[in-house]
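Each chain gets a letter, A, B and so on, in the order its sequence line appears, and its residues count up from 1.
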Protein chains: 2
Amino acid sequence: MKKYATLKDIAKALKISTATVSRALADRWDVNPVTKKLVLEEAKRQNYRPNPIATRLQNKRSKTIGLVVPEFSSAFFPKVIAGIQKVLDEAGFQLLITQSQESLEIEERNLKLLEGNMVEGILISITREGENAEYYQRLIDSGIPIVFFNRVSAKVEAPKVIIEDYKFAFFATEHLIYNGFKKIYHFEGPVNLSVSKERKRGFIDAMNKHHRQITDKTIVQAGVLMEKGYLAMQKLIANNDLPDAIFCFNDPTAFGALKAIKEAGLKCPDDIALVGFSETEVAQLIEPPLTSIEQPTFEIGETAAKLLLEQLDECSSVPFKTVRLAAKINIRKSSVNLKNNC
Amino acid sequence: MKKYATLKDIAKALKISTATVSRALADRWDVNPVTKKLVLEEAKRQNYRPNPIATRLQNKRSKTIGLVVPEFSSAFFPKVIAGIQKVLDEAGFQLLITQSQESLEIEERNLKLLEGNMVEGILISITREGENAEYYQRLIDSGIPIVFFNRVSAKVEAPKVIIEDYKFAFFATEHLIYNGFKKIYHFEGPVNLSVSKERKRGFIDAMNKHHRQITDKTIVQAGVLMEKGYLAMQKLIANNDLPDAIFCFNDPTAFGALKAIKEAGLKCPDDIALVGFSETEVAQLIEPPLTSIEQPTFEIGETAAKLLLEQLDECSSVPFKTVRLAAKINIRKSSVNLKNNC
DNA sequence: ATTTTAACTGCAAACGATTACAATTGAATA
DNA sequence: TATTCAATTGTAATCGTTTGCAGTTAAAAT
């Protein structure tokens with residue numbers, strides 16, 4: 001069954017050497033046009049397709065780059081991928097995508113898989129569990145450049161693409177403060193991630209600036225998933241420990257919180273206002289529409305891919321830069337203080 | 001820079017042959033434990049990692065399978081992927097994911113990419129543009145089994161995993177009919193896809209069963225994306241051609257329609273009721289919550305992966321089967337006739 | 001003492017392609 | 001006629017592994 005035609009088959013059929021066949025197929029100048037035509041015909045007849053594994057072993061270019069993302073379930077990464085793909089397409093590169101499922105172990109497996117497929121570079125957004133820092137470093141040392149985006153490594157020196165998380169977390173919090181909310185909580189993201197830290201820092205600094213008290217209840221662990229936001233909110237409700245506004249790590253957790261709020265017969269924003277982060281399309285659709293920070297997702301992907309290609313080109317030394325893209329806050333109903341407005 | 005340690009390096013350092021090194025690393029019986037230990041140590045010292053390209057060239061197993069999906073932007077495919085990954089993990093296989101972006105051309109490129117990486121089999125959900133049928137066939141003939149899921153090929157014989165699209169489209173339509181809606185439209189999916197045809201067929205048959213008239217306006221082209229549903233609805237509104245209920249090809253188009261409805265100052269379900277398809281988590285969150293067909297996404301992935309592994313095992317001939325999974329209709333506010341209920 | 005056996009180890013040929021470096025041919029130049 | 005050159009093709013090494021077969025050594029069996 002597995003009947004691949006190889007160079008050798010064509011060579012045999014034509015009674016010439018594989019070298020000539022190879023050259024003919026590569027359309028080189030130093031091969032007789034007649035022979036070339038024969039080879040091309042025979043190749044088509046036999047349905048020849050070069051074996052890229054062999055090619056790759058030979059000349060170490062794969063024209064492929066690898067991607068590791070934690071998950072696809074939110075709309076965020078798919079859009080980033082679209083941006084990446086655009087840039088790579090233009091440069092004639094292909095993309096192999098892997099999903100770490102937020103697991104350190106799977107992430108490492110994926111990196112090995114990509115390395116094994118001889119990708120020329122890797123784009124990665126790390127898991128919430130932490131980082132395979134030693135492995136990233138090893139890859140870089142062995143000549144496979146890495147570009148981090150969104151969730152970046154704190155330990156490894158490499159180009160990084162992030163947004164102004166601190167600043168916009170600060171804005172978002174101030175927005176709640178200016179709207180007259182008194183008791184503002186923060187649903188914190190996974191503690192291992194620098195994004196979480198940045199957003200928390202923005203929250204805290206904004207609170208401090210306006211002399212708001214931060215107790216040990218103010219900051220709640222809530223992770224990245226809708227489910228987690230749901231559970232965290234349920235817990236607050238069960239404990240009868242209700243803030244009047246929450247700045248959530250991201251949109252899915254805000255959605256989860258909203259679900260719990262509704263189920264408890266409470267109203268948003270009347271009882272509890274919400275702000276999300278990482279604009280998703282559905283933020284506008286839900287009731288009430290969710291105030292959220294809109295990230296330039298597509299651009300994040302583009303930028304990361306460009307940085308990687310740069311690394312590939314000047315195989316020597318562009319200094320590692322961290323690109324920080326701007327974001328935008330979309331204010332919607334979920335965070336306007338109705339009592340104030342009356 | 002690119003300083004990979006190879007078998008040869010280890011062999012040289014230890015002044016033995018690469019054959020012995022290879023055997024030592026493969027932990028074979030016929031190598032002196034002392035030598036083995038030396039090799040292992042030296043390998044660690046030099047940070048040796050086998051080059052999988054070379055391995056793959058040698059013994060044609062890659063333990064990798066490839067996946068092609070049209071997009072990730074809806075929650076559907078990510079969940080299917082999770083199911084696939086579970087099964088493959090258990091079987092010790094790895095997954096390379098590619099995205100065709102609904103483009104026939106990119107799909108073919110992706111297939112080539114996967115083939116080039118010597119995947120042992122391919123899972124695919126085809127583009128809305130149609131199929132690369134000849135290429136699928138060629139892959140299968142050349143010994144790379146393919147399993148289709150969700151969006152399957154009509155032309156190629158291969159295992160397929162789908163859900164009871166016809167039946168549930170029928171149910172969904174009947175549900176609208178029983179709820180007393182009079183003028184029911186269908187937002188049709190991409191015409192090239194058999195899923196679209198099945199769902200449309202279900203819609204039509206249900207309408208006919210209940211002697212509802214189907215005019216040339218009843219079925220509206222709306223594609224797969226939220227944007228498309230939005231535009232289609234806007235057009236209906238502009239034409240003042242309003243149904244009182246719409247059975248949408250999928251959830252995103254229903255979301256789009258809802259957005260247009262709200263923007264026009266209309267109410268759902270009072271003015272226009274909606275039913276979606278392919279349950280997404282947010283269906284419950286939006287206002288009104290969306291009635292939708294819930295597909296067993298995770299199970300679709302699992303099933304497809306299992307079918308593929310089966311093909312791989314009995315390298316000969318399991319007959320190609322089409323697995324049809326059941327679904328479930330979740331009735332929510334978006335499709336209940338309020339006038340009726342009073 | 002001779003033969004058998006076991007325990008290692010190395011040689012060399014694969015896998016499928018690419019590419020320096022000849023080698024061959026015939027025509028053009030001196 | 002001798003020399004040079006261009007055009008074309010083949011030989012063989014290479015990429016990093018794996019593996020059948022053969023070779024070496026020493027201990028065990030006869």
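- The residue among Ala54(A) and Thr18(B) whose nearest nucleotide of DNA chain C lies closer to the 5′ end is Thr18(B).
- For the residue pair Ser103(B) and Ser100(B), no side-chain donor N or O sits within less than 3.5 Å of a side-chain acceptor on the partner.
- The structure places CD1 of Ile53(A) at 13.0 Å from CD of Gln58(B), a figure rounded to the nearest 0.5 Å.
- A residue-by-residue look at Ile16(B) and Gln58(B) shows that Ile16(B) has its nearest nucleotide of DNA chain C further toward the 5' end.
- Rounded to 10 degrees, the angle separating the terminal helix axes of the helix from dT2(C)-dA29(D) to dA30(C)-dT1(D), each built from five base pairs, is 70°.
- For Gln46(B) and Asp9(B), the side-chain atoms include no donor-acceptor pair closer than 3.5 Å.
- Tyr135(A) and Glu115(A) form a side-chain donor-acceptor contact under 3.5 Å, judged by distance and modelled atom types alone.
- At least one side-chain nitrogen or oxygen of Ser17(A) sits closer than 4.0 Å to the OP1 or OP2 atom of dG10(D).
- Proximity of Ile146(A) to Val156(A): side-chain heavy atoms (C-beta onward) are nowhere separated by under 4.5 Å.
- Listed by chain and number, the residues in a salt bridge (Lys or Arg N to Asp or Glu O under 4.0 Å) with Lys86(A) are Glu302(A) (sequence neighbours excluded).
- Once rounded to the nearest 0.5 Å, the distance linking CG of Leu38(B) with CD1 of Ile10(B) reads 11.5 Å.
- Counting non-hydrogen atoms under 4.0 angstrom, Pro52(A) reaches nothing in the nucleic acid.
- Nucleic acid contact for Ile53(B): none, since no nucleic acid atom lies under 4.0 Å from a heavy atom of the residue.
- Between Thr98(B) atom OG1 and Leu67(A) atom CG the span is 12.5 Å, to the nearest 0.5 Å.
- Of the residues in residues 22-41 of chain B, those placing a heavy atom less than 4.0 Å from an atom of DNA chain D are Ser22(B), Arg23(B), Arg28(B), in numerical order.
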